[in-house]
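Below is one structure, written out as structure tokens, with a few remarks after it.
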Amino acid sequence: MDNTVTPTPTSFTLPSIELRELPHLSATTTAATHPNPLERNPFYHPRPAFYITPSDVALGSILFDLSLPAPAPRTLPAYHSAGPRKAVHFDPRAVRAAVVTCGGLCPGMNTVIRDLVLGLWDLYGVREILGVTSGFRGFYSSDETVRLDPKMVDNWHKKGGTVLTTSRGGFDLDKIVGAIEARGFNQVYCIGGDGTMRGALAIFKEVQRRRLNVSITGIPKTVDNDIGIIDRSFGFQTAVEMAQEAINAAHVEAQSAVNGIGLVKLMGRSTGHIALHATLSSRDVDCCLIPEMNFYLDGKGGLFDFLDQKLKQNGHAVIVVAEGAGQDIIPRIDAEKEEKDESGNPVFLDVGPWLKLELKRWWDRDHKGELSAVKYIDPTYMIRAVPANATDNLYCTLLAHSAIHGVMAGYTGFVSGPINGNYVYIPLEEVAVAKNPVNTEDHKWAWVRSVTNQPDFGKS
Ligand SMILES: Nc1ncnc2c1ncn2[C@@H]1O[C@H](COP(=O)(O)OP(=O)(O)OP(=O)(O)O)[C@@H](O)[C@H]1O
Ligand SMILES: O=P(O)(O)OC[C@H]1O[C@](O)(CO)[C@@H](O)[C@@H]1O
Ligand SMILES: [Mg+2]
């Protein structure tokens, strides 16, 4: 093992910076600019430094290895800062904004809608704000839209779900863009997860191809926290908080039984962020199983071996499993391999009941005659069908306002979000392909392993 300490360098070169250019409507349209209506807003009193200029950027990474040799071996992405611009592209009187929610529910969707409406109305004086119902298909499947105003949305931040309603699938690009044109929308706010961001990107490209004066923006939502680049997605922290109730109950049940095992299944289709964060927050979890990590049941170093030790030590154990975990070891028939939801997402086999049954089988096989109980809790939609907590609610407001400022300025094809705590505009093109898996090589996952003492299932 090399124990030499790398000396701190006395001089170093920072990587060069690569600005991520944002599409702007001025490239395809000829509309004049207007002074920002905030100039006249009595609550804002903008000073010159209040406005964000094109040279205001935030770096995509703030961690450096100063020992890396010069010249800098890589470039750092920089993103345009979010916020109000001195001149805006849209005359507020001519704005016709559409808001749509797609995909699964997430705490805070209604808060984002509410604050898009309030922000557009109060900050910019926009009066035509329409809610599209039933997700992307709502653009063309019905003529109905919901006319939104501050009075109507006043208490929406206290409601779970989405008042506009949502759906999966139904993405017909031609019909959607045709409807945007026919209905005269010139701003489209798409609230949704990774699929929605890919849909918004396709809409943006088609709008650009048709040279329409329409700004398309994505506001990333997902309890799974599986959208890359941004710090985290809204609703995620609320979901982690809600998961505590299920873990607490599983812990009480397990503690109150002889050789009790509490098993909790949490959402997380392809990422285990909810399970991981809920485990670290709870401190009562003995084993956390996530999609990013393979595991096995029998044999040395397997789950049952580990549980044997835990039950001997403590008399009980709590397992948290993310819904996407173990998919490669659950037996399945061919038809199940093909199953997809309306958006094309794979439909997973239910890891919870399968694991519960396997735990019972193992106990009856290896511990015949000894008392035990497996208590299984599946809170499913209870962790996401709730209003956002205070932190997420505030986050939703900042996201909504960031999106409005960018759209009013004429940017398009972008997503608002925080990177290292700074709100920026990220090209949709980048967000649509970025993933955010749990890094099982980093300190956080090592911390999970050290507090649970769970096996690494042959990983190292
Ligand atoms: N590659 C794609 N191109 C165009 N549209 C897409 C694409 N992927 C998904 N969509 C559309 O985006 C919408 C939402 O997708 P999806 O159901 O996967 O939810 P999501 O936005 O990923 O949210 P969740 O976090 O709940 O998974 C659907 O209408 C779907 O048809
Ligand atoms: O049952 P629905 O509404 O399709 O949503 C389930 C999925 O939505 C999510 O919450 C977000 O993608 C996943 O964790 C889950 O698999
Ligand atoms: Mg998704």
Side-chain angles (χ1 to χ4, degrees), residues 100-109 112 132-141 160-162 164-177 179 188-207 216 218-228 230 232-236 238-240 242-243 265-278 290-291 320-325 327 339-352 378-386 413 415 428-429 431-438:
V100 64
T101 52
C102 311
L105 296 187
C106 180
M109 288 167 101
V112 174
V132 174
T133 56
S134 335
F136 279 138
R137 71 183 73 231
F139 276 102
Y140 60 85
S141 64
T162 163
L164 294 182
T165 67
T166 182
S167 70
R168 296 193 188 273
F171 189 84
D172 185 323
L173 182 59
D174 207 46
K175 286 187 183 168
I176 292 170
V177 179
V188 180
Y189 297 85
C190 307
I191 305 168
D194 56 334
T196 307
M197 296 304 118
R198 290 191 290 273
L201 175 64
I203 296 172
F204 155 67
K205 285 184 170 167
E206 181 57 18
V207 160
I216 309 291
I219 303 182
K221 150 249 69 124
T222 150
V223 275
D224 292 357
N225 200 28
D226 58 3
I227 293 186
I230 59 171
R232 61 167 204 284
S233 47
F234 74 79
F236 167 66
T238 305
V240 169
M242 292 305 293
K265 185 185 79 174
L266 294 175
M267 278 192 173
R269 205 203 300 270
S270 51
T271 58
H273 291 286
I274 297 179
L276 185 164
H277 283 248
I290 57 171
V320 164
V321 61
E323 65 173 323
Q327 293 299 311
E339 222 188 317
K340 297 253 163 70
D341 72 10
E342 284 166 302
S343 292
N345 300 303
V347 174
F348 284 160
L349 298 177
D350 202 337
V351 65
D378 178 358
T380 59
Y381 300 111
M382 292 174 74
I383 69 167
R384 71 174 204 191
V386 291
V415 163
L428 255 171
E429 194 117 43
V431 177
V433 292
K435 304 229 177 296
N436 185 31
V438 168

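What you see below is based on every heavy atom in this structure, not just the backbone, and it leaves out hydrogens, waters and symmetry mates. Whatever order the structure lists ligands and atoms in, that order sets their numbers, starting from 1.
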Top protein contact for atom 19 (O) of ligand 1, by heavy-atom distance: Arg168 NH1, 3.1 Å
At what distance is the nearest protein heavy atom to atom 22 (O) of ligand 1, and which residue and atom is it? Asp194 OD1, 2.5 Å
Give the contacting part of Asn345 toward ligand 1: side chain, backbone, both or neither, where contact means a heavy-atom distance below 4.0 Å. side chain
Does Asp224 bring an N, O or S atom to under 2.8 Å of the Mg ion (ligand 3)? no
Would you say Glu342 contacts ligand 1, with heavy atoms under 4.0 Å as the rule? no
All salt bridge (Lys or Arg N to Asp or Glu O under 4.0 Å) counterparts of Arg232, not counting sequence neighbours: none
Heavy atom of the protein closest to atom 6 (C) of ligand 1 (residue, atom name, distance): Gly195 O, 3.5 Å
Can you list the ligand 1 atoms lying under 4.0 Å from a non-hydrogen atom of Phe136? 12 (O), 13 (C), 29 (O)
Which of the numbered atoms in ligand 1 are under 4.0 angstrom from any heavy atom belonging to Gly169? 28 (C), 29 (O), 30 (C), 31 (O)
Any heavy atom of Val223 closer to ligand 2 than 4.0 angstrom? yes
Element-labelled atoms of ligand 1 that are located less than 4.0 Å from some non-hydrogen atom of Arg269: 27 (O)
Here the atoms of ligand 1 under 4.0 Å from any heavy atom belonging to Thr222 are 25 (O)
Any nitrogen or oxygen of Cys102, side chain or backbone, less than 3.5 Å from one on ligand 1? no
